[in-house]
Amino acid sequence: AQSVTQPDARVTVSEGASLQLRCKYSYFGTPYLFWYVQYPRQGLQLLLKYYPGDPVVQGVNGFEAEFSKSNSSFHLRKASVHWSDWAVYFCAVSIPGGNYKPTFGKGTSLVVHP
Amino acid sequence: DPKIIQKPKYLVAVTGSEKILICEQYLGHNAMYWYRQSAKKPLEFMFSYSYQKLMDNQTASSRFQPQSSKKNHLDLQITALKPDDSATYFCASSQETGGEEQYFGPGTRLTVL
């Protein structure tokens with residue numbers, strides 16, 4: 001079975017600073033990986049997805065993530081954080097094909113200071 | 001236009017009562033899901049349906065019953081409500097159940113008094 005760990009429950013950054021949110025997964029093969037964002041009182045929105053191919057994937061609003069099989073990681077990055085990025089970010093992993101649903105991490109709450 | 005509609009947005013119920021949460025998706029997807037989110041459990045998978053058939057049930061209690069009257073509908077009936085059922089319930093959908101990305105509705109916030 002697959003699993004995902006987001007080691008940081010909360011990350012605080014200053015507006016304009018760079019950002020990395022960490023995600024580690026557990027799966028013996030190459031999974032599908034996702035980052036979702038949840039703004040206050042809203043549902044989750046897909047930020048970006050990784051299907052086997054180029055390890056660096058681009059998402060909306062300047063976000064990108066890099067898949068590393070050797071490190072079993074899929075960290076989310078942004079070069080310059082904006083106050084509107086204040087939200088909770090969820091990493092998810094799923095097994096390609098078959099009747100499998102994504103497994104979600106517990107989320108990382110991003111706080112942006114002016 | 002919203003692609004996944006959940007009704008109602010807010011719901012207040014008394015302990016012991018029964019409620020139905022509505023979900024409709026207009027993405028043409030074949031798989032639909034229910035999740036629950038509360039302070040105790042950030043995001044908890046409940047059910048998945050594919051082509052109107054139950055694929056996975058991770059809800060221990062039979063008080064929670066999904067109902068699919070049409071391919072793009074997946075309602076959630078909750079009976080004998082308890083204060084612990086208070087949470088935000090999210091409906092989601094995906095093209096198939098092959099592990100691809102899911103799209104989430106705005107949620108129904110349920111409060112049980």
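Small disclaimer: the values here were computed from a predicted structure and weren't measured. Naming: A, B, ... by sequence-line order, numbering from 1 per chain.
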Answer with yes or no whether the hydrophobic clustering places B/Leu43 together with A/Tyr89; edges join I, L, V, M, F, W, Y residues whose side-chain heavy atoms lie under 4.5 Å apart.
-> no
Candidate pair B/Phe104 and A/Tyr36, rule ring pair (Phe, Tyr, Trp, His ring centres under 6.0 Å), full reasoning | CA-CA 10 Å; B/Phe104 284 77; A/Tyr36 290 84; 5.7 Å; yes
Mind listing the closest non-hydrogen atom pair of B/Pro42 and A/Lys106 along with its distance?
-> CB-O, 3.5 Å
Looking at B/Gln37, B/Lys41, B/Lys9, B/Arg109, which has the largest count of heavy-atom pairs under 4.5 Å with chain A?
-> B/Gln37
Side-chain heavy atoms of A/Phe104 within contact of B/Phe45, under 4.5 Å | no
Identify the heavy atoms of A/Gln38 and B/Phe90 that sit nearest to each other, and give their distance.
-> NE2-CZ, 3.4 Å
Rounded to the nearest 0.5 Å, how far apart are CZ of A/Arg41 and OH of B/Tyr10?
-> 7.0 Å
So if you build clusters from Ile, Leu, Val, Met, Phe, Trp, Tyr with side-chain heavy-atom gaps below 4.5 Å, do A/Val60 and B/Leu27 land together?
-> no
Interatomic distance, CD@B/Glu100 vs OG@A/Ser94, rounded to 0.5 Å, equals 7.5 Å
Any side-chain heavy-atom pair of A/Pro102 and B/Gln102 under 4.5 Å | yes
Under 4.5 Å between side-chain heavy atoms, hopping through other hydrophobics if needed: is there a path connecting B/Ile4 to B/Leu74?
-> no
Are A/Val37 and A/Phe34 co-members of a hydrophobic cluster defined by side-chain heavy atoms under 4.5 Å apart?
-> no
Treating Ile, Leu, Val, Met, Phe, Trp and Tyr as nodes and any side-chain heavy-atom pair under 4.5 angstrom as an edge, say whether A/Tyr39 and A/Leu110 lie in one connected cluster.
-> yes
Could you tell me the separation between the CG atom of A/Leu44 and the OH atom of B/Tyr103, rounded to the nearest 0.5 Å?
-> 13.0 Å
